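These notes concern the structure reproduced below.
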Protein chains: 2
Amino acid sequence: MDELDETDREILDILLSDSRRSYSAIADAVGLSPPAVSDRIERLQEMGVIRRFTVDIDRSVLAQGVPVLVTVTGVSGAGPDIEASLAAAEETEHVFRTVDDTVVATMTVRATSAGETVRDRLDLDAVREYEIRLLDGRDWQPQVGDATFAPECVECGNTVTEEGERERIDGEVYHFCCASCKSAFVDQYERLSEEA
Amino acid sequence: MDELDETDREILDILLSDSRRSYSAIADAVGLSPPAVSDRIERLQEMGVIRRFTVDIDRSVLAQGVPVLVTVTGVSGAGPDIEASLAAAEETEHVFRTVDDTVVATMTVRATSAGETVRDRLDLDAVREYEIRLLDGRDWQPQVGDATFAPECVECGNTVTEEGERERIDGEVYHFCCASCKSAFVDQYERLSEEA
DNA sequence: CCTGAAACGCCTCCGTT
DNA sequence: AACGGAGGCGTTTCAGG
């Protein structure tokens, strides 16, 4: 099992503030050679820590429909399904799900049809209540801090140890505690993909 | 006043999915030369559309305290202050504020002291109620769609027109509808900076 | 606002420690 | 794991349309 050391965290902090910084500039900052930085960044991607290099867009200067904050309180156990259906909507940008089946999402909807759009995306039998509010401000300050690498098995939920395995499926890295959890997950995933 | 054309949106979409893509690769994709792409990206940064190049980190594979979703309902008009104080906390990653003075934030707090940490950051006189819930899932799918460039004056709230001005302060781009709004805002900003 | 060519810098591969 | 060098690609600058 890999670990995150202090140098990895420094590299992540630099990439968070400027992901286009050259490897040689990063290398100078952390005291390594450019190939070493390249290797580490590649490893961080393989580990699934870095999901992708992207860009922080200021949506407050863009006009594109109405930005809303949607809060959905699901019936017990319905959280993951609600999260999945909101995440699948093209109007959605962020989705957060809590352990008590509350899901908060930000969406950009056509001006007059906010409620309709949200209802269309949800299975209302699983929803206790929902609220839609106009969004008026947002901030984002990503940071790594002193985080350590500690993935959970997506099949059984256990923390992944030295013997763990991982697999990249459709561009996402999934972690497993053992080979049987991995094959169970992959089989299930393939079955669901074929149905769709 | 600048505008966003279809090519700008294509470039933004490419950068959202991979901000390390080379200018020449982007140039091939959108049918321009590398210098033209470089110029456009520089312009998007000056316009404040691109805030920074960053990296999408999968926090679910990192262990770093407890991730929580904090929902604060403020008294009338207190939303912006609550937003600012939560955004200033180092534990905070995302903050969303609605027009009716509700603020939702995601934070990573030390295990035992979630409530304490949040209370320390807030002016409780301005808070009607707040809730702290354990975060268990998140998604992010940034996209540009058909957005147009339409900044609002940070001083008076009007939409900025051809005659608008902009200024970069502390790395952030601010838009103004006219020179007097700009100088009013800059004066106010400098006064507040000196006090702190 | 864009293109094209040229100089420069950076990235990657690979052999080595 | 990381370094160092060589080859090749990417970026930037500048003149020109």
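Fair warning: this is a prediction, and the values are worked out from it, not measured in the lab.
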Arg52(A) to Trp140(B), cation-pi by 6.0 Å centre distance and 45° axis angle | yes
Hey, mind stepping through Ser19(B) and Ser19(A) against side-chain hydrogen bond (donor to acceptor under 3.5 Å, both in side chains) and telling me if it holds?
-> CA-CA 7 Å; Ser19(B) 61; Ser19(A) 61; 2.8 Å; yes
Non-hydrogen side-chain atoms of Glu3(B) and Met47(B) separated by less than 4.5 Å = no
Protein-proximity profile, nucleotides 12-17 of chain D, B/S/- by nucleotide at the 4.0 Å heavy-atom cutoff, equals BB----
When you measure from the centre of the six-membered ring of Phe53(B), is the NZ or CZ of Arg20(A) under 6.0 Å away and within 45° of the axis?
-> yes
What's the shortest heavy-atom distance between His175(B) and Arg166(B), and which atoms?
-> ND1-CB, 4.0 Å
Specify the separation, in whole Å, of atom CZ of Arg43(B) and atom C1' of dC2(C).
-> 13 Å
Decide yes or no on side-chain hydrogen bond (donor to acceptor under 3.5 Å, both in side chains) for Arg168(A) and Tyr174(A), but give the supporting numbers first.
-> CA-CA 6 Å; Arg168(A) 186 175 286 270; Tyr174(A) 297 89; over 6 Å; no
How close or far is atom P of dC11(C) from atom CD1 of Ile26(A), stated in whole angstroms?
-> 8 Å
Take the C1' atoms of the five end pairs on each side of the helix from dC1(C)-dG17(D) to dT17(C)-dA1(D), derive the two axes, and give their angle rounded to 10 degrees.
-> 40°
Give a yes/no on whether any side-chain N or O of Ser24(B) is located under 4.0 angstrom from OP1 or OP2 of dC9(D).
-> no
CG of Asp8(B) versus C1' of dC2(C): gap in Å, rounded?
-> 14 Å
dC1(C) P sits how many Å from Ile11(B) CD1, rounded?
-> 13 Å
Whichever of Leu32(A) and Ser22(B) has its nearest DNA chain D nucleotide further upstream toward 5' | Leu32(A)
Pick one: which of Glu91(A), Glu83(A), Glu90(A), Glu116(A) meets salt bridge (charged side-chain N to carboxylate O under 4.0 Å, His left out) with Arg121(A)?
-> Glu91(A)
Would you find a donor on one side and an acceptor on the other, under 3.5 Å apart, between the side chain of Arg133(B) and the backbone of Val68(B)?
-> no
Pick the nucleotide of DNA chain C nearest each of Arg20(B) and Asp5(B); which residue has the one closer to the 5' end?
-> Asp5(B)
